[in-house]
Amino acid sequence: MKEIIKLALRNLKEHKSKTIIIACFLIFGVAIVILGNSFLESVNRGLEKDFRANYTGDIAIGRIPEKGVINDIFGVNSTNITTDIPQLPAIPDLDKVMEIVDSTDGIKSKTKLISAQILVAYGVEMDLSDLSDRDDLGFDDLPISMLFAGETDTYWSTFPSVNFVEGTYPAPGTNEIMVDTRVKNAYESLYSRPLNIGDTVLCAGATTDTVLREAKVVGVFNPPNENSAMFQIVYCNPDFARAFADLTYASSFTQELPDSIDLSMNTLDEDDLFSSFGDDFFTFEDDFGIDSSFLATEELDFDDILGDTTLRDELNKTDSGAWHYILMKAKNPLQTNVIIAQLNQKFKEAGLEVYAMDWRAAAYSYSGSVEGIGMVFNILIFILAIVVFIIIMNTMIVSVIERTGEIGTMRAIGAEKKFVRRLFFSETLILTSISSVLGIILSFIIMAIFNSLNITIKNSIAKMILGGGLLRFSPTPAIIIITIVIAICGSLISNLSPVKSALKITPLKALNHGGD
């Protein structure tokens, strides 16, 4: 074996041009793979750490979504075509769900959450017509935000990382809010006026129709992580958020029609219908010669037109027991998947329409975009690998043709096919190993330089797509080992055809080739 390695090194040295060509492809290929995967690893680490600590917890429980729908704590992602704006559903049978949660071991803390989307506006009326004419406004310039409302007694103890600039938490049972500094800056820029503690603003539902509420600003805070991918947030009390989340009694109310309905009006034609009101119904006399006997009557009580509105008023009240999600932190985060499996098994046995999920599913709007980038990158890497290995294979085939005389001579002096095979595979293994090491060194140099620059992005959309504002590389031993294994295996596979050609060379063929 030692002789084969010496001979392989000599052959690589003698065929410098082809050795350098193959080495360059391998070096840059390995470097690109390590850089790309290290960047994705950094994005996933940062996203997971941020969201598990501050927004989703380790485990989230929500209602099982309909087919074609993906729900997370930021809203509904639907592929279903509908004219209605999809709303997050409330957890059904909450008491039974909580009994199962309380009986499950390994849970450190838990809380409940309501989520909605709002626009913070100035004044008592909202007119956005002038905004459509402003070309200077981008998405980041609008005070649109996520509206989060947690269970009063447990939310802030579960997610305590709030960096107050000024003010305090909203008082229970009030329409008080605390706003992200990004919301404050967008508000001040859009309306050209300061937003201070104690100011009253108008909140408009971004995913619900005609929901407007006045709110008092009592706190301003910075995000726990200034480079977080998380969109800007407004915190409030649960009852205030339920109006924007459509968590009213009407949203879960159904009333069957009576068995018999008087449809006698349907038997009247137009002439009979209008004649039943009499000729004075459309008689008008006023200062202009027209008067209305119908509208001018002083005895008419407009409050009675709609009849009894008691049921309507009750249905429009927010459902104080409705919540979108239960968020939990595990005593041991490494046991998260085990706890999720236990919870889902219990929910299934109890016949409950809920399911437990990890932070990725609870933050699908963010983790999904990162996974999409990773999928695109892996596809590109796969295409790149195929191209590189085809080039290596073609280069090796040319090398075999040029070395026909050498191979024939070895066969003539007694070298077996096994020896020739080992020689070529040894050359490939040595070249790939050295090139991989050089590729790793190159990637680490690039990563060290890039990380030292501390490059950050501010755009919210870019942050959401890239999983955060701080761009870094975080290599792991697994990434390096997998890359080396793929490079070696790919090189050996691409060497199969050239070796097969080399084994077909006989001493006679070598002599004929030499004669040509």
Side-chain angles (χ1 to χ4, degrees), residues 47-65 70-77 88-117 146-162 169-170 178 221 223-225 228-231 233-239 241-242 245 247 320-344 346-347 352-368:
L47 200 64
E48 179 177 2
K49 182 179 179 181
D50 184 25
F51 276 70
R52 292 180 77 159
N54 304 311
Y55 306 113
T56 65
D58 300 321
I59 306 168
I61 297 174
R63 182 166 189 158
I64 297 176
I70 299 176
N71 296 337
D72 63 13
I73 67 170
F74 307 102
V76 178
N77 300 274
L88 279 174
I91 295 176
D93 301 314
L94 183 61
D95 292 338
K96 294 182 181 179
V97 174
M98 290 304 300
E99 287 180 7
I100 293 176
V101 171
D102 292 336
S103 65
T104 303
D105 295 329
I107 298 174
K108 177 182 178 182
S109 60
K110 57 184 179 295
T111 187
K112 303 184 186 77
L113 177 72
I114 299 169
S115 171
Q117 298 176 23
M146 292 301 307
L147 184 69
F148 279 178
E151 190 176 36
T152 304
D153 298 334
T154 59
Y155 188 82
W156 300 119
S157 60
T158 304
F159 302 104
S161 302
V162 176
Y169 296 107
M178 47 188 285
F221 64 95
N225 175 10
S228 173
M230 178 62 189
F231 194 57
I233 305 175
V234 170
Y235 288 109
C236 67
N237 286 299
D239 283 337
R242 288 187 177 103
L247 293 179
S320 59
W323 297 91
H324 285 148
Y325 286 97
I326 301 171
L327 306 179
M328 296 170 286
K329 288 188 176 180
K331 294 178 180 178
N332 182 2
L334 298 177
Q335 295 296 315
T336 295
N337 291 333
V338 175
I339 298 174
I340 289 175
Q342 292 175 353
L343 288 170
N344 284 330
K346 293 179 180 180
F347 293 151
L352 298 174
E353 293 294 318
V354 297
Y355 74 113
M357 68 197 88
D358 61 9
W359 77 272
R360 291 184 184 277
Y364 174 80
S365 299
Y366 292 82
S367 62

> Could you go through Val97 and Ile61, starting from their C-alpha distance and side-chain angles, then the distance that decides it, and tell me whether this counts as side chain to side chain contact (heavy atoms under 4.5 Å, CB included)?
CA-CA 9 Å; Val97 174; Ile61 297 174; 4.2 Å; yes

> Could you walk me through whether Met230 and Asn54 pass the side chain to side chain contact (heavy atoms under 4.5 Å, CB included) check?
CA-CA 10 Å; Met230 178 62 189; Asn54 304 311; over 6 Å; no

> Determine whether Phe148 and Phe159 satisfy the following criterion, side chain to side chain contact (heavy atoms under 4.5 Å, CB included), listing intermediate values before the conclusion.
CA-CA 12 Å; Phe148 279 178; Phe159 302 104; over 6 Å; no

> Kindly say whether Ala356 contributes a backbone atom to a donor-acceptor pair with the side chain of Asn344 at under 3.5 angstrom?
yes

> When you compare the side chain of Pro224 with that of Tyr55, does any pair of heavy atoms fall below 4.5 Å?
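Result yes, sub-4.5 Å side-chain heavy-atom pair found.
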
> The test is side chain to side chain contact (heavy atoms under 4.5 Å, CB included); show your working for Glu151 and Trp323 and say whether it passes.
CA-CA 9 Å; Glu151 190 176 36; Trp323 297 91; 4.0 Å; yes

> Please confirm whether Phe74 and Phe231 have ring centers closer than 6.0 angstrom.
no

> How are the rings of Tyr235 and Phe221 set relative to one another: parallel (under 30°), tilted (30 to 60°) or perpendicular (over 60°)?
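Judged by the thresholds at 30° and 60°, the geometry between Tyr235 and Phe221 is tilted.
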
> Is any NZ, NE, NH1 or NH2 atom of the basic residue among Asp58 and Lys329 found under 4.0 Å from an Asp or Glu carboxylate oxygen of the other?
no

> Between Asp358 (side chain) and Ala361 (backbone), is there a donor-acceptor pair under 3.5 Å?
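Indeed, once roles are kept as given, a pair shorter than 3.5 Å links the two residues.
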
> State, with a plain yes or no, whether a side-chain heavy atom of Leu113 is found less than 4.5 Å away from one of His324.
no

> Measuring only between side-chain heavy atoms, which start at C-beta, is Ile326 closer than 4.5 Å to Leu94?
yes

